[in-house]
J.: 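One structure follows; several queries about it will come next.
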Amino acid sequence: MIIFKQVKDLTKYLQKQQAAKNSIGFVPTMGALHEGHLSLLKECKKMSKITVCSIFVNPTQFNNTEDLDKYPKSVSNDILLLEQNECNVLFLPDEKEIYPDERSKQKHFDLGYLETILEGEFRPGHFQGVSLVVEKLLKIVNPDFLFLGQKDFQQCLIIKRLVGLMNRNIKIIICPILREESGLAMSSRNLRLSFSDRKLASELFLTLVSIKNKLKSEDFLKVKDQAIQDLETKGFKVEYLELAKKNNLEIVSHFNPREKLIILIAAFLGDVRLIDNLLINP
Ligand code: PAF
């Protein structure tokens with residue numbers, strides 16, 4: 001694996017690959033890699049000749065400095081995992097390489113309705129920060145394929161919109177959520193959970209499954225209220241629990257068997273914020 005820290009060196013290398021008609025697949029990450037990231041890399045390797053992974057903890061997408069400070073970092077272990085999984089290129093820039101000055105942080109993206117709901121509502125500015133860095137990374141890497149995890153489902157739709165705004169021909173592949181045996185969705189943030197909270201955290205997934213099973217016979221809004229109450233009794237602080245249309249995340253109040261829907265949840269366990277989702281009629 002070749003590690004690039006500077007944009008100019010990476011660009012030079014990738015331009016040669018493109019001239020040789022080698023397809024490029026890209027897996028952007030913020031590090032603290034786990035099996036979920038590695039599953040993206042695996043898909044990336046299947047579809048592309050050159051696999052590029054980036055590790056950059058993007059400060060502009062954190063709407064809370066404490067969350068940024070506490071974000072888990074494990075670069076040496078990440079490099080080892082990427083080597084073991086035969087990644088070709090790691091882009092590991094420092095902050096100045098991505099944001100050389102204040103001006104480079106000042107761009108606004110028209111993300112429409114998608115940024116006003118769910119994560120967008122509870123993390124103001126988050127998707128502007130995600131778009132800012134992903135636009136820069138896509139311009140640098142110029143990939144044919146982009147691999148994203150379904151766990152951040154709303155982010156996937158935001159990035160689809162961004163690629164549309166950029167007018168780029170990049171195929172986006174959304175890979176399924178990887179779960180621990182307990183059902184807990186794999187996430188870098190899980191590293192911050194205590195042993196007992198890690199066990200408890202799987203209740204989020206169990207709740208989504210239980211709601212899915214009840215949708216055909218019970219009213220969603222009633223089921224939702226009960227689920228929030230149950231989770232809060234167990235120690236969660238639920239930010240949202242919603243049923244939405246899969247293609248555009250329009251929030252709906254009732255189940256419709258003919259529609260592709262998704263249930264999405266965000267909740268705090270202590271000071272760790274967890275998200276998860278489950279597709280209905282995928
Ligand atoms: O999902 C993430 O890890 C980040 O939001 C991303 C896409 C790498 C942008 O910083």
Side-chain angles (χ1 to χ4, degrees), residues 4 7 10 25-41 43-44 51-65 67-75 77-78 81-82 87 89-95 97-99 104-105 107 109 111 114-115 118-120 122-143 145-163 165-166 168 170-178 185-192 264 266 272-277:
F4 291 98
V7 173
L10 175 62
F26 181 38
V27 182
T29 83
M30 296 206 297
L33 302 183
H34 51 71
E35 288 295 323
H37 295 112
L38 299 178
S39 73
L40 302 187
L41 186 61
E43 278 311 299
C44 183
T51 50
V52 181
C53 181
S54 64
I55 296 179
F56 178 65
V57 182
N58 173 35
T60 63
Q61 73 186 72
F62 287 83
N63 52 323
N64 172 334
T65 46
D67 194 24
L68 171 61
D69 293 342
K70 286 188 179 161
Y71 198 83
K73 290 166 198 79
S74 54
V75 180
N77 192 51
D78 292 347
L81 285 174
L82 292 173
C87 178
V89 172
L90 168 61
F91 181 42
L92 188 62
D94 67 13
E95 196 178 331
E97 196 64 13
I98 298 294
Y99 299 118
S104 60
K105 294 183 182 167
K107 180 163 182 183
F109 297 85
L111 302 174
L114 271 179
E115 112 176 288
L118 307 168
E119 292 299 289
F122 284 92
R123 302 184 68 189
H126 169 64
F127 287 130
Q128 287 296 327
V130 169
S131 303
L132 192 63
V133 78
V134 172
E135 187 194 48
K136 287 179 196 290
L137 292 170
L138 292 180
K139 282 184 177 163
I140 296 166
V141 178
N142 197 14
F145 307 109
L146 173 64
F147 297 82
L148 301 169
Q150 185 202 312
K151 185 172 149 285
D152 296 297
F153 189 79
Q154 191 173 0
Q155 170 172 277
C156 295
L157 296 195
I158 290 274
I159 293 177
K160 269 191 186 169
R161 183 172 171 115
L162 173 72
V163 169
L165 292 173
M166 290 172 73
R168 291 280 175 119
I170 301 171
K171 188 168 167 47
I172 297 180
I173 293 101
I174 302 180
C175 302
I177 301 177
L178 248 70
M186 290 190 185
S187 163
S188 306
R189 282 189 159 84
N190 294 351
L191 289 171
R192 293 187 45 221
L264 307 108
V272 184
R273 187 172 184 279
L274 300 166
I275 59 172
D276 201 351
N277 64 69

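Read the numbers this way: they start at 1 and go in the same order the structure lists the ligands and their atoms.
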J.: Tell me, please, which residues at least two apart from Leu68 pass side-chain contact (heavy atoms from CB on, under 4.5 Å).
T.: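 Residues passing side-chain contact (heavy atoms from CB on, under 4.5 Å) with Leu68: Val57, Pro59, Phe62.
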
J.: Dump the intermediate steps for side-chain contact (heavy atoms from CB on, under 4.5 Å) on Phe4 and Val52, then the final yes or no.
T.: CA-CA 10 Å; Phe4 291 98; Val52 181; over 6 Å; no

J.: Surrounding NZ of Lys105 (heavy atoms of other residues, nucleotides or ligands, distance under 6.0 Å), is the total greater than 12?
T.: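 Above 12, so yes.
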
J.: When the side chains of residues 146-153 are checked against the rest of the protein, which donor-acceptor pairs come out under 3.5 Å, sequence neighbours left out?
T.:
from	atom 1	to	atom 2	distance (Å)
Gln150	NE2	Asn277	OD1	2.7

J.: Who passes salt bridge (Lys or Arg N to Asp or Glu O under 4.0 Å) against Lys139, sequence neighbours left out?
T.: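 Only Glu135 meet the salt bridge (Lys or Arg N to Asp or Glu O under 4.0 Å) criterion with Lys139.
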
J.: Starting from the N and O atoms of ligand 1, find every protein N or O within less than 3.5 Å and list the pair with its distance.
T.:
from	atom 1	to	atom 2	distance (Å)
ligand 1	1 (O)	Gln155	NE2	2.8
ligand 1	5 (O)	Gln61	NE2	2.9
ligand 1	5 (O)	Gln155	OE1	2.7
ligand 1	10 (O)	Gln61	OE1	2.6

J.: Please identify which of these residues, Gln154, His126, Arg273, meets the side chain to side chain donor-acceptor pair (under 3.5 Å) condition with Glu119.
T.: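 Going through Gln154, His126, Arg273 one by one, the side chain to side chain donor-acceptor pair (under 3.5 Å) with Glu119 is satisfied by Arg273 alone.
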
